[in-house]
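To keep things clear, I will list the structure first and then write my remarks on it.
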Amino acid sequence: MSINNQLSSTYSQASSPQKSEKILGNRKKYRRYNWIFLLSAFMPIVGVGVFNIIVDPYDVFNTPNLLGINHSKPRKDNSDRLFKANDIIRIKPITILIGSSRTKQGLDPNHPALENEQTAYNLSLNGLNIYELRRYIEHAIANQKELDLIILGLDFFMFNTFLENQPSFSENRLEKRHISLADFVNVTFSSDALLASKETIVDSQKNPPDNIDYGENGFMPYRNPDPEKTEWRFRNSINVYYGFHAKYELPSELTELKKIVDLCQQNQIKLISFISPSHATQWEAIRATGEWSTFEKWKREVVAITPVFDFSGYNNITSESIHNEMENYTDNSHYTPRVGNLILNRVLNYKQGDVPDDFGILINSENIESHLEKIRQDREIWAKNNSDEVELVKEIKQKYDEKLAD
C-alpha cells in the first residue's frame, strides 16, 4: 500500500467516529429544537383551554362560580342548548319542566309542590320548535331511565312549520352520556370561547352577585327589569313576534306532539301539559296576523292528542294592564315566576285557593268548543275595556307592514 493510501485510510478511520458524534449531536440538537417549537406552539393553546375551563363562560364544566371572576356569565342564557344538554348528563333529573323561554323564565323546579319529585330541572330553551323540544326530552330519557314527571309548556309558535331549528341546535350532543368532542373543542380552545371568558370576567367585576347560582337548575327568570322601560319591552316583544311568526302555517298533523305523548307512555312517565299564559296583547298579535282561527284549530288538535291546562285567553292574570310596576309580566310574551308558581299550583293541585278560578282550565275534546266560545266572549269584554292596548297592537302591526313594504 502506498504511503498516501495509508495516510488516507488512517485519516478516514480517525474521522469516522468524529463525524458520527457530530451527526448524533446535531440530531439531539434538532430534536431539542423540535420539542421547544412544539411546546412553544402548544403551551399557549393548553393555557387558553385551562383558562376557559376555569372561567367556564357557558357553564358547561360546572366549575365553581367565584365572586368578581366568573359569577356573572352574559353568554350563558343564549347558550342554553349547549349547557342544558350537559346539565342533563351530569344531574340526571327525575322531573323536567320543558318549553320555550316563557317556561324557562317562569317555572321554578324548587316549587314546594315538587318537593317529592326531586331532582327537578328546567330544560326549557329559547325560541325552540316542537321538534327540538321532543329531541331534548329523548336526551333526558336517554340519561335518566327513572324519569318520572314531565311538565310541558306548549306555545302556538312552536308548531309553525316556518320555524326552523335554531343555529345553536346540534343533534350531535343529544342522547350522549358525555360532552361531544365538537362541543368540548369549541368551549375550550376556540377564540370565541376566549372572548366569552373575557366578557365573563368583565361582567363579573361590574355586576353585583345578586344570584351566584343563577340557572344552576335551568330556571332563568328575567333579572332586574327596568320599570321605566316596560312599554318599550312590550312593543319590542310584539315586533319580535311579527318578525318570526307573521307568516304562519300549522302542520297537517301534530306529529311531534303525538311522539312526545307516546314516548311518555312507553317509558311510564307522567305528562302534564299546559298552554302558556302570555299577556292579552300576545293574543291580539295573533289576531292581527289573521291567525286567530288557526290558533283555535291548534287547540282543537292538541286536545285530540292529550288533555291540556289552558292558561291563555283573557283572564285575571293575562289581562293585567300595561304599566311600570307590573307583577305578572316582564313583556307581552314572558310571565314572571309569580305567575309560574300559580301555574304549578294549578297543574300539581297545590294551594288551589291561591289560583284565580279562571286561570288554567283543563280542556279536552269534550269541552273544547265551549271553552273557545268563552274566550271569544272574554275577549270582547277585554277589548271594550282596554281599547288603548288593542290600538297599541294594531299600531305596531301597521308599522311592521309599512317597514316590510319599503
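Predicted model only: the values in this text are computed from it and were never measured. FYI, the numbering just counts along the sequence from 1.
- Looking only at side-chain heavy atoms (C-beta outward), K92 and T119 stay at 4.5 Å or farther from each other.
- A salt bridge between R235 and E231 is present, with a side-chain N of the basic residue lying under 4.0 Å from a carboxylate O of the acidic one.
- For W232, there are no ring pair (Phe, Tyr, Trp, His ring centres under 6.0 Å) partners, not counting sequence neighbours.
- Side-chain atoms of D56 come within 3.5 Å of backbone N or O of N62 as a donor-acceptor pair.
- The side-chain contact (heavy atoms from CB on, under 4.5 Å) test with V185 singles out one residue from D183, L181, T188, and that residue is L181.
- Sorted by first then second residue, the salt bridge (charged side-chain N to carboxylate O under 4.0 Å, His left out) pairs that include residues 105-131, not counting sequence neighbours, number zero.
- The salt bridge (charged side-chain N to carboxylate O under 4.0 Å, His left out) analysis of residues 141-151, with sequence neighbours excluded, yields no pairs.
- Between R135 and E132 there is no salt bridge, since no side-chain N of the basic residue sits under 4.0 Å from a carboxylate O of the acidic one.
- Looking at T103 and F274, their side chains come closer than 4.5 Å, going by heavy atoms from C-beta outward.
- Remark: N172 engages S170, K176, S180, A182 in a side chain to side chain contact (heavy atoms under 4.5 Å, CB included) (not counting sequence neighbours).
- With sequence neighbours excluded, the residues satisfying ring pair (Phe, Tyr, Trp, His ring centres under 6.0 Å) with Y329 are H279.
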Would you list the atom pairs, donor with acceptor, under 3.5 Å between side chains in residues 243-253 and any protein atom, with sequence neighbours excluded?
residue: H245; atom: ND1; partner: N160; partner atom: ND2; Å: 3.1
residue: Y248; atom: OH; partner: F156; partner atom: O; Å: 2.7
residue: E249; atom: OE1; partner: T161; partner atom: OG1; Å: 2.9

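- Ionic pairing of K259 and E138 is not present here: no N-O contact between side-chain nitrogen and carboxylate oxygen is shorter than 4.0 angstrom.
- N217 and N122 are not linked by any side-chain donor-acceptor pair at a separation below 3.5 angstrom, with hydrogens and angles left out of the test.
- For residues 161-187, no residue pair satisfies the ring pair (Phe, Tyr, Trp, His ring centres under 6.0 Å) rule, not counting sequence neighbours.
- Applying the salt bridge (charged side-chain N to carboxylate O under 4.0 Å, His left out) definition to pairs two or more places apart or across chains, those involving residues 328-348 are E327-R338.
- Applying the ring pair (Phe, Tyr, Trp, His ring centres under 6.0 Å) test to pairs two or more places apart or on separate chains, those with a residue in residues 357-394 are F311-F359, Y314-W382.
- L254 places a side-chain heavy atom less than 4.5 Å from the side chain of W298.
- Judged purely by atom type and a 3.5 angstrom limit, N364 uses its side chain to pair as donor or acceptor with the backbone of N367.
- Side-chain N or O atoms of S278 include one that pairs as donor or acceptor with a backbone N or O of S333 at under 3.5 Å.
- Applying the side chain to side chain donor-acceptor pair (under 3.5 Å) test to every pair with at least one member in residues 263-276, sequence neighbours left out, gives these pairs: D155-S276.
- Taking 4.0 Å as the cut-off between side-chain N and carboxylate O, E284 and R379 count as a salt-bridged pair.
- Every side chain to side chain contact (heavy atoms under 4.5 Å, CB included) that K374 has, sequence neighbours left out, goes to Q377, D378.
- The stretch residues 95-142 participates, sequence neighbours left out, in these ring pair (Phe, Tyr, Trp, His ring centres under 6.0 Å) pairs: H111-Y350.
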